[in-house]
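If you scroll down you'll find the structure; I have some questions about it.
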Amino acid sequence: MKDPDPLNSSKTSLDAFDPVDNHTLAAIESITAALFKNAKGSHDWEHTRRVVSLSKTIGQAEKAEMDVVIAGALLHDIGRCNPEDTKGKDCHARKGETMAGDILKQFPMTDEKKAAICHCVAAHRFRRPPDPETLEAKVVFDADKLDAIGAVGVARAYLFAGELGAKLHNPDVDVTTVAAYSREDTGYREYVVKLQYIKERMQTACGRRMAEDRHTFMETFFQRFLSEYAGGV
């Protein structure tokens with residue numbers, strides 16, 4: 001099957017910033033796509049493709065270095081590519097940072113460029129440090145978070161809950177005290193403990209604008225969800 005090509009729409013921007021060449025980015029893409037062959041659906045190659053696309057939109061609006069942005073977006077979740085589930089015990093961003101460094105060794109780019117890409121990978125987590133310090137890392141952070149909210153974010157939250165064997169909802173428990181990666185780790189719990197706060201953590205002006213609409217949809221969805229679950233309309 002032919003690998004997807006998320007790079008075509010960014011060739012003008014790539015050339016404008018005189019970055020790592022497109023052949024190198026395409027090679028990184030192919031390596032990354034292969035790693036996700038057996039990944040779980042909530043954090044699979046399709047998620048990475050969406051993050052790359054969002055990163056292009058935000059990165060171009062913010063005038064970031066697009067080679068770093070695209071490479072960082074392609075590699076940001078490789079720490080999750082192994083289907084063996086550690087139930088959150090390992091930090092996939094730190095693991096991914098190491099994996100990304102190993103992958104980048106084979107390509108002709110400066111150490112500074114490699115470090116910038118690896119920082120995008122290390123700093124994309126919502127709940128754990130490090131915080132994104134560069135514009136490029138902030139772009140990748142925002143792109144990853146946008147894919148966690150809105151219609152796609154709601155779908156992914158329930159897909160992830162299904163992977164855990166979780167219930168649809170449990171109104172009889174306080175979801176703020178429920179353990180992650182348990183049968184009570186529902187899509188609604190994810191909204192309560194994380195998703196509703198994402199728009200306040202966006203790092204770029206473009207990301208904040210995009211997050212507003214997605215947040216509003218998600219907020220409305222969960223209001224309706226609770227009403228329907230309780231037997232309302």
* Asked: For the hydrophobic clusters of this structure (ILVMFWY residues joined by side-chain heavy atoms under 4.5 Å, transitively), does one cluster hold both L195 and L168?
  -> yes

* Asked: Taking all non-hydrogen atoms of both residues, which atom of I149 and which atom of H215 are closest, and how far apart?
  -> CD1-N, 4.4 Å

* To do: Indicate if L159 and F36 have the same hydrophobic cluster label, given that clusters are the connected sets of ILVMFWY residues with side-chain heavy-atom separations under 4.5 angstrom.
  => no

* Structure fact -> Closest non-hydrogen atoms of P130 and A122, given as atom of the first, atom of the second and distance, are CD-O, 3.4 Å

* 4.5 Å side-chain heavy-atom contact, R94 and T98 ->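 A side-chain contact is absent here, since even the closest heavy-atom pair is not under 4.5 Å.
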
* **V51 backbone acceptor or donor facing S55 side chain under 3.5 Å** => yes

* Structure fact -> Sorted by chain and number, sequence neighbours left out, salt bridge (charged side-chain N to carboxylate O under 4.0 Å, His left out) with E212 holds for K199

* Asked: For the atom pair CZ (R80) and CG (L35), what is the distance rounded to the nearest 0.5 Å?
  -> 15.0 Å

* Could you tell me which non-hydrogen atom of A64 sits nearest to which non-hydrogen atom of V139, and how far apart they are? => CB-CG2, 4.2 Å

* To do: Using side-chain contact (heavy atoms from CB on, under 4.5 Å) as the criterion, list what pairs up with K95, not counting sequence neighbours.
  =>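 Testing K95 for side-chain contact (heavy atoms from CB on, under 4.5 Å), a comparison that skips the adjacent residues, returns N82, M99.
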
* Can you get from I78 to I31 by hopping between Ile, Leu, Val, Met, Phe, Trp and Tyr side chains that sit under 4.5 Å apart? -> yes

* Rounded distance [0.5 Å steps], CE in M218 versus CD in Q223 -> 11.0 Å

* To do: Name all pairs fulfilling the side-chain hydrogen bond (donor to acceptor under 3.5 Å, both in side chains) condition that reach into residues 166-176, sequence neighbours left out, sorted by first residue then second.
  =>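 Output for this query lists K167-E184, N170-E184, D174-T176.
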
* Stepwise side chain to side chain contact (heavy atoms under 4.5 Å, CB included) check, L164 with R183 -> CA-CA 7 Å; L164 298 174; R183 275 183 52 78; over 6 Å; no

* Asked: Would you say the side chain of T186 lies within less than 4.5 Å of the side chain of R189, judging by non-hydrogen atoms?
  ->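 Yes; the side chains approach each other to less than 4.5 Å.
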
* To the nearest 0.5 Å, what is the distance between CZ (F107) and CG (D21)? ->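 With rounding to 0.5 Å, CZ (F107) is 9.5 Å from CG (D21).
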
* Asked: Does E65 pair with K113 as a salt bridge, N-O distance under 4.0 Å?
  ->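 So E65 pairs with K113 through a salt bridge.
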
* Between M202 and L146, does a side chain to side chain contact (heavy atoms under 4.5 Å, CB included) hold up when you go through it step by step? -> CA-CA 9 Å; M202 302 301 284; L146 282 170; 3.7 Å; yes

* Specify the closest pair of heavy atoms between I58 and A143, including all atoms of both residues, with the distance to one decimal. =>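 Closest approach of I58 to A143, heavy atoms only: CD1-N, 3.9 Å.
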
* **Electrostatic pair D142:K145 at N-O distance under 4.0 angstrom** =>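 Salt bridge absent between D142 and K145.
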
* Asked: Going by atom types only, do H92 and H124 share a side-chain donor-acceptor pair under 3.5 Å?
  -> yes

* **Side-chain heavy-atom pair V175, Y191 within 4.5 angstrom cut-off** =>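 A side-chain contact is absent here, since even the closest heavy-atom pair is not under 4.5 Å.
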
* Asked: Do you reckon Y197 sits in the same ILVMFWY cluster as F221, going by side-chain contacts under 4.5 Å, direct or chained?
  -> yes

* Does any donor atom in the side chain of T48 or D77 lie under 3.5 Å from an acceptor atom in the other side chain? -> no

* Any side-chain heavy-atom pair of F225 and V154 under 4.5 Å -> no

* To do: Please report the closest heavy-atom contact between G150 and F217, naming both atoms and the distance.
  =>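 Scanning both residues completely, I find the closest heavy atoms to be C-CD2, 3.8 Å.
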
* Quick one: pull up CD in Q203 and CD in E62 and give me the separation to the nearest 0.5 Å. =>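 CD of E62 is found 11.0 Å from CD of Q203.
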
* **R224: partners by side-chain contact (heavy atoms from CB on, under 4.5 Å), with sequence neighbours left out** =>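 Residues passing side-chain contact (heavy atoms from CB on, under 4.5 Å) with R224: E228.
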
* Would you mind reporting whether C120 and V69 have side-chain heavy atoms less than 4.5 Å apart? => no

* Between the side chains of H47 and H76, is a donor N or O closer than 3.5 angstrom to an acceptor N or O? ->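 Indeed, the side chains of H47 and H76 share at least one donor-acceptor pair under 3.5 Å.
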
* Asked: Of all residues at least two apart in sequence or in a different chain, which pass the side chain to side chain donor-acceptor pair (under 3.5 Å) check with R50?
  ->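 For R50, the residues satisfying side chain to side chain donor-acceptor pair (under 3.5 Å) (neighbours in sequence not counted) are D147.
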
* **E219 side chain near Q196 side chain, heavy-atom distance below 4.5 Å** =>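 Not touching, per the 4.5 Å side-chain cut-off.
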
* Atom pair CG/CG of L74 and L25 - distance to nearest 0.5 Å ->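 Result: 7.0 Å between the selected atoms.
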
* **D213 and T216: side chain donor to acceptor below 3.5 Å** => no

* Asked: Would you say the side chain of W45 lies within less than 4.5 Å of the side chain of K37, judging by non-hydrogen atoms?
  -> no

* To do: Please name all residues satisfying side-chain contact (heavy atoms from CB on, under 4.5 Å) with T57, sequence neighbours left out, ordered by chain then number.
  =>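 With sequence neighbours excluded, T57 shows a side-chain contact (heavy atoms from CB on, under 4.5 Å) to M210, given in chain and number order.
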
* Which value, rounded to the nearest 0.5 Å, describes the distance between I70 atom CD1 and L75 atom CG? -> 12.0 Å

* Asked: Which word best sums up how the rings of F222 and Y188 line up, parallel for under 30°, tilted for 30 to 60°, or perpendicular for over 60°?
  -> tilted

* Using the ring of each side chain (for Trp, its six-membered ring), is Y181 parallel, tilted or perpendicular to F160, with breaks at 30° and 60°? -> perpendicular

* Hey, quick one: are M109 and I103 part of the same hydrophobic cluster, counting side-chain heavy atoms closer than 4.5 Å, chains of contacts allowed? -> yes

* To do: Flag the pair L104 / C118 as yes when at least one side-chain heavy-atom distance between them is below 4.5 Å, and no otherwise.
  =>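 Yes, at least one pair of side-chain atoms sits under 4.5 Å.
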
